[in-house]
There are 2 protein chains.
Amino acid sequence: MGLREPFDDAGECGLPSALEAIGERWSFLILRGAFNGLHHFEEFQSALGIARNILANRLGRLVEHGILTRTPLADDRRKIEYRLTEKGAELLPVVVGLRQWGERWGSGIPSTPVLVDKRDEQPIRPIRIMAHDKRELALADLCWKQAADIRPLEEPVRAAIAA
Amino acid sequence: MGLREPFDDAGECGLPSALEAIGERWSFLILRGAFNGLHHFEEFQSALGIARNILANRLGRLVEHGILTRTPLADDRRKIEYRLTEKGAELLPVVVGLRQWGERWGSGIPSTPVLVDKRDEQPIRPIRIMAHDKRELALADLCWKQAADIRPLEEPVRAAIAA
DNA sequence: TTTTTTCAGTTGCATCTTGAAACCAATCAT
DNA sequence: ATGATTGGTTTCAAGATGCAACTGAAAAAA
């Protein structure tokens with residue numbers, strides 16, 4: 001499909017490869033649909049209003065990247081079921097984070113439905129940067145460090161965290 | 001620029017408006033650059049290898065959306081400084097989450113530099129979905145609920161959490 | 001002061017991607 | 001067998017992106 005230069009040389013980090021997989025128009029919304037329980041071509045098509053050729057292309061790409069599986073159903077082989085893989089499911093924090101940001105800063109419409117903890121039916125906590133010990137960190141608490149220069153935690157500390 | 005239909009009618013949630021602001025090619029990488037301390041046109045251009053016209057367009061768009069500010073420097077008025085606003089800074093969890101995902105599932109190159117907690121210089125915790133009380137939640141622990149059907153926590157519980 | 005360089009963009013044009021609508025091939029229901 | 005449903009292709013117009021060359025204002029050098 002694309003002959004344009006892939007992002008992959010754009011720096012020493014995982015972002016380019018992530019964008020290669022889900023950085024195109026509609027991919028995020030297709031993922032949101034998948035998380036919301038859509039599984040079939042026509043469901044995505046009518047829920048999102050996306051053009052059929054683009055939808056076919058994006059689903060195919062997500063499958064290629066191992067984010068969705070594509071399975072013809074046994075009892076009606078016209079129907080194809082798209083499902084999130086584990087790899088795909090791990091995009092949930094990103095999708096939710098972006099959604100929360102859009103809700104807070106964009107058109108402030110409260111989203112519905114809302115993602116809740118099954119156990120107590122309370123909404124999840126906003127997606128945030130946290131320290132290893134779960135303190136929330138603001139921009140001012142952060143800095144960048146070369147991976148090679150990071151010292152592992154000493155054992156007592158590790159044990160205390162694991163407990 | 002774009003006359004194509006905006007995403008805004010694609011569902012009852014904040015994602016479409018977020019994508020409207022930062023969903024285009026390069027926007028995420030420009031943001032990563034900003035978080036990494038890039039501030040000038042030529043810095044972004046040479047760091048990312050992006051075409052100048054596209055870069056100009058994206059920076060303009062990010063400024064329009066209140067994600068970056070654009071300030072000519074007082075002591076050299078050729079130089080324009082781009083800086084993240086609070087709104088822009090709050091995209092950090094999303095950018096980092098996507099980067100972590102790409103690192104874990106894509107080309108498994110460990111990213112450098114790494115975001116660390118200034119206090120102890122330890123890397124931040126992976127971005128995850130958490131319950132209001134900071135338990136980590138997996139997909140199986142979650143479900144969707146209509147916003148209207150959610151009952152607020154009772155006071156004693158709230159107090160305990162706040163403490 | 002004139003000349004050169006730097007910075008932050010524009011402009012024009014070729015190429016690639018997206019979108020709308022019509023078309024198609026299996027498969028299933030009657 | 002006939003028609004409807006599902007999940008796509010195909011075609012073509014319109015929009016977005018990329019490259020290279022150009023511009024204009026401001027600073028630095030000569």
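To find a chain, count down the sequence lines: A is the first, B the second, and so on, and within it residues start at 1.
- Under a 4.0 Å N-O distance rule, the pair A/Arg151/B/Glu121 does not qualify as a salt bridge.
- Terminal axes of the helix from C/dT1-D/dA30 to C/dT30-D/dA1 (five pairs each, C1' rotation axis) are separated by 10°, to the nearest 10°.
- For the pair A/Asp117 and B/Arg135, the salt-bridge criterion is met [side-chain N within less than 4.0 Å of a carboxylate O].
- Listed here is the closest heavy atom pair of B/Ala21 and B/His65: CB-CD2, 3.5 Å.
- One finds a salt bridge joining B/Glu81 and B/Arg83 here, because a Lys/Arg side-chain nitrogen approaches an Asp/Glu carboxylate oxygen to under 4.0 Å.
- At D/dG8, one or more side-chain N or O atoms of A/Arg70 fall inside 4.0 Å of OP1 or OP2 (strictly under the cut-off).
- The side chain of A/Tyr82 places no N or O atom within less than 4.0 Å of a non-bridging phosphate oxygen (OP1 or OP2) of D/dT6.
- With respect to A/Glu24 and A/Arg61, a salt bridge is recorded, a charged nitrogen being found less than 4.0 Å from a carboxylate O.
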Just by protein heavy atoms under 4.0 Å, how would nucleotides 21-30 of chain D read 5' to 3' in B, S and -? -----BS---

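- Sorted by first and then second residue, the salt bridge (charged side-chain N to carboxylate O under 4.0 Å, His left out) pairs involving residues 92-101 of chain B (not counting sequence neighbours) form an empty list.
- Atom pair A/Ile30:CD1 and C/dT18:P shows a separation of 11 Å (rounding to whole Å applied).
- Spacing between atom CD1 of A/Ile50 and atom P of D/dT9 amounts to 14 Å, rounded to whole angstrom units.
- Taking 4.0 angstrom as the limit, A/Trp26 places a side-chain polar atom (N or O) nearer than this to OP1 or OP2 of C/dG19.
- In the region residues 37-45 of chain B, proximity to DNA chain D at under 4.0 angstrom, judged on heavy atoms, holds for none of the residues.
- In this structure, B/Asn57 places its CG atom 9 Å from C1' of D/dA16, rounding to the nearest Å.
- Residue-environment remark: NZ (B/Lys79) stays at or below the threshold of 12 foreign heavy atoms within 6.0 Å.
- A donor and an acceptor atom, one from each side chain of B/Glu103 and B/Ser111, are located under 3.5 Å apart.
- A donor N or O paired with an acceptor N or O is not found under 3.5 Å between the base of C/dG9 and the side-chain atoms of B/Asn53.
- Straight-line distance from the CD1 atom of A/Ile54 to the P atom of D/dT11: 16 Å, rounded to whole Å.
- Taking atom CD1 of residue B/Ile80 and atom P of nucleotide C/dT6, one finds them 18 Å apart after rounding to whole Å.
- When the side-chain hydrogen bond (donor to acceptor under 3.5 Å, both in side chains) test is applied to B/Glu136, the partners found at least two apart in sequence or on another chain are B/Arg125, B/Arg128.
- Nucleotide D/dG8 holds its P atom 12 Å from the CG atom of A/Leu68, rounded to whole Å.
- Here salt bridge (charged side-chain N to carboxylate O under 4.0 Å, His left out) pairs that include residues 67-76 of chain B, with residues two or more places apart or in two chains, are B/Asp76-B/Arg78.
- Distance, B/Lys79 NZ to C/dG9 C1': 16 Å, rounded to whole Å.
- For A/Glu24, counting side-chain heavy atoms from C-beta on, the closest listed nucleotide (C/dT18, C/dA8, D/dT17) is C/dT18.
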Give the intermediate values and the outcome of side chain to side chain contact (heavy atoms under 4.5 Å, CB included) for residues B/Leu139 and A/Leu92. CA-CA 8 Å; B/Leu139 245 200; A/Leu92 184 58; 3.7 Å; yes

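- Checking C/dT18, C/dG19, D/dT17 against every side-chain atom of A/Arg58, the shortest atom distance belongs to C/dT18.
- Residue B/Arg25 places none of its side-chain N or O atoms closer than 4.0 Å to OP1 or OP2 of C/dC16.
- Ion pairing between A/Arg52 and A/Glu42 holds under the 4.0 Å rule for side-chain N and carboxylate O.
- D/dT17 atom C1' lies 16 Å from atom CG of B/Leu59, rounded to whole Å.
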